[in-house]
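Bear in mind the structure is a predicted one, so any value in this text is a computation, not a measurement.
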Amino acid sequence: MGALDGGRYNVKLKNGVKLGSEIEREEQTLAIEDAVKVLLQGLGEDVNREGLRKTPHRVAKALREGTRGYKQKVKDIVQGALFPEAGLESGVGHAGGEGGPVMVRDLDLFSYCESCLLPFQVKCHLGYVPSGRRVVGLSKLYRVADVFAKRLQAPQRLADEVCLALQHGIKPKGVVVILQCSHIHFPNIDSALHGSDQQRSVQVLVTSGSGIFDSGKPDEWGDFLCLLRNIDIKHCNGLNDKCWCPSHSSTKVGPTNSGMVTAVASIIDSLGEDPLRNELLGTPARFVKWLTNFKSSNVEMKLNGFAHTVDPVKCNGSVSHPEHRIYTELNLPFWSQCEHHLLPFHGVVHIGYYSNKGVDPMEKTLLQSVVHFHGFKLQVQERLTRQIAETVSLLLGRDIMVVVEAIHTCMMSRGIEKCGSNTATIAVLGRFLTDPAARANFLQSIPDSSTVG
């Protein structure tokens, strides 16, 4: 892909006439939009319904922005950002522009996984040892790393490409790259519906070194690792890039919609990649497998199967009795798919309700089924919260409060590109609506939001 030299520039003439590269970009964007429509139709969705009409454009825009690294050149970032800096005399010591180690820590990046097309989070640590009495602007280290992150990637290749680019671009004595990568873990719908714990992410640690760090000798790496403090590369996962993605944990992909698979392959091609590259051959089918988890029909029978366990009439008829007290079900896990960007969001649901009959062991199973029923489909968090509250009110009575806490992949991979944030939404019905003390009592029972991830 021309890691150091490849790239294109979009130019527009003063009279508004577009040149070839800009026309090509627009054509590729339209191709992605058409492919997204095929995916939505494959899910049985109406592409013209409110909430989905602009989804193809939003998805195309996010994918183009998230893979902009294919159009960028490292040499344009580094050239002009190298500055003369004196060092110590030979034999005196190492400092400044001659042997003084430089490290930038805790850079937040994201990249799209080449195995499944879902974004993964990267905590990046970069270091180099200057030579030739010159240093590079610190922000350029981040920008170089971001060029390669904004491509379809795998952790070890990402580390190696960043390391090689910095070595060629600034010609130091050596470069160190350490990446902590976190990938969303695919839910197993059957086990989720039966209450099994679901691992929410896969973590890997990868390293790459060049120049004096190429040998991996502890003495050369020592200063940098001491500065990182809480990272021990002895625990580097050592997994190959194919194994790290959770999509490979299932050896059987199963039947897939061929039209949807072809649409995903066309998206990969429009992004500037070769869908026939060996690492990408199975990617369209894996992405379609993920996406079809969120067809409404997948969990419909599960909810209906539990509907008989509670008598709605009895519950609704008894909620006004003064002896009722607040009961809670906390940390009910859920998975969903953002209908605006076709990216996953996940988290936990907390439900508070009034009852005079104590906790029925079946109620947690029922409530979890309600959560999955509304979660495993194209959604927005506000609607998900409302739908859970409305359904639960039919089953357990009208005095209901629901809090949904979620991590949105789209917050990480587009727009603000903020890692680690989470969003809370609330629905309030019945007595909770008019009783601030009851709301406060329930909200204070919710554990720290760190349980979301």
Side-chain angles (χ1 to χ4, degrees), residues 1-12 18-36 56-79 107-122 124 140-169 177 179 181 208 241 245 263-281 283-284 287 341-343 409-410 412-415 417:
M1 288 297 168
L4 299 179
D5 300 315
R8 298 174 185 168
Y9 294 92
N10 297 311
V11 181
K12 198 170 185 178
K18 298 173 183 176
L19 295 186
S21 57
E22 187 171 347
I23 294 174
E24 180 185 21
R25 182 177 64 180
E26 291 187 357
E27 290 175 346
Q28 291 170 340
T29 299
L30 290 174
I32 296 174
E33 292 181 16
D34 290 340
V36 173
H57 176 72
R58 285 188 289 255
V59 173
K61 181 179 179 182
L63 285 171
R64 298 286 301 186
E65 182 65 16
T67 56
R68 64 178 182 266
Y70 289 119
K71 308 297 184 182
Q72 295 176 315
K73 298 192 293 186
V74 170
K75 70 177 184 180
D76 289 336
I77 295 173
V78 174
Q79 286 180 355
L107 300 174
D108 285 324
L109 303 169
F110 87 91
S111 191
Y112 280 98
C113 175
E114 68 179 8
S115 290
C116 65
L117 293 188
L118 294 181
F120 65 92
Q121 181 178 340
V122 181
C124 176
K140 303 306 183 287
L141 297 176
Y142 169 82
R143 291 186 60 193
V144 169
D146 192 55
V147 165
F148 294 96
K150 294 297 188 291
R151 302 179 181 191
L152 303 186
Q153 275 291 7
Q156 189 60 59
R157 184 190 314 117
L158 175 58
D160 290 342
E161 289 182 345
V162 172
C163 185
L164 180 63
L166 289 173
Q167 184 68 40
H168 282 289
V177 178
L179 304 181
C181 302
S208 187
D241 289 331
C245 176
V264 177
S266 74
I267 290 174
I268 293 173
D269 180 68
S270 296
L271 294 176
E273 262 287 5
D274 178 10
L276 297 180
R277 177 161 66 87
N278 186 57
E279 294 84 356
L280 294 173
L281 283 175
T283 299
F287 180 78
H341 305 100
L342 294 189
L343 290 172
T409 310
C410 61
M412 174 181 74
S413 61
R414 56 170 297 281
E417 297 185 10

All heavy atoms of Cys116 vs all of Phe287, minimum pair found to be O-CD1, 3.2 Å
Contacts of Ser208 meeting side chain to side chain donor-acceptor pair (under 3.5 Å) (sequence neighbours excluded), chain-then-number -> Asp160
The side chain to side chain contact (heavy atoms under 4.5 Å, CB included) partners of Glu33 (sequence neighbours excluded) come to Thr29, Leu30, Pro56, His57, Ala60
Sequence neighbours excluded, the answer for side chain to side chain contact (heavy atoms under 4.5 Å, CB included) partners of Glu279 is Glu114, Arg157, Arg277
Exercise. With distance as the sole test, does Ser111 use its side chain to make a donor-acceptor pair with the main-chain N or O of Phe120 at under 3.5 Å?
Worked result: no
By side chain to side chain contact (heavy atoms under 4.5 Å, CB included), Ala145 pairs with (sequence neighbours left out) Leu109, Cys124, Leu126, Val162
request  = Taking the side chain as every heavy atom from C-beta outward, state whether Asp108 and Val122 have any atom pair closer than 4.5 Å.
outcome  = no
Interatomic distance, CD@Gln156 vs CG@Leu158, rounded to 0.5 Å, equals 9.5 Å
Rounded to the nearest 0.5 angstrom, the NZ-CG distance for Lys140 and Asp76 is 12.0 Å
Exercise. Using atom types as modelled and distance alone, determine if a side-chain donor or acceptor of Arg64 lies under 3.5 Å from a backbone N or O of Ser270.
Key: yes
Contacts of Thr67 meeting side chain to side chain contact (heavy atoms under 4.5 Å, CB included) (sequence neighbours excluded), chain-then-number -> Tyr70, Tyr112, Leu152, Leu271
- Check whether any side-chain heavy atom of Leu117 lies under 4.5 Å from a side-chain heavy atom of Ile268, and answer yes or no. yes
Nearest heavy-atom approach of Gln153 to Ala149 is CG-O, 4.5 Å
Applying salt bridge (charged side-chain N to carboxylate O under 4.0 Å, His left out) to Arg143 and not counting sequence neighbours gives none
On a heavy-atom basis, the closest approach of Pro119 and Leu343 is CD-CD2, 3.7 Å
d(Arg151 CZ, Asp146 CG) to nearest 0.5 Å is 10.5 Å
dist His168:NE2 -> Lys75:NZ (nearest 0.5 Å) comes out at 13.5 Å
Find out whether Phe110 and Thr409 are in side-chain contact, i.e. whether some heavy atom of one side chain is under 4.5 Å from a heavy atom of the other.
-> no
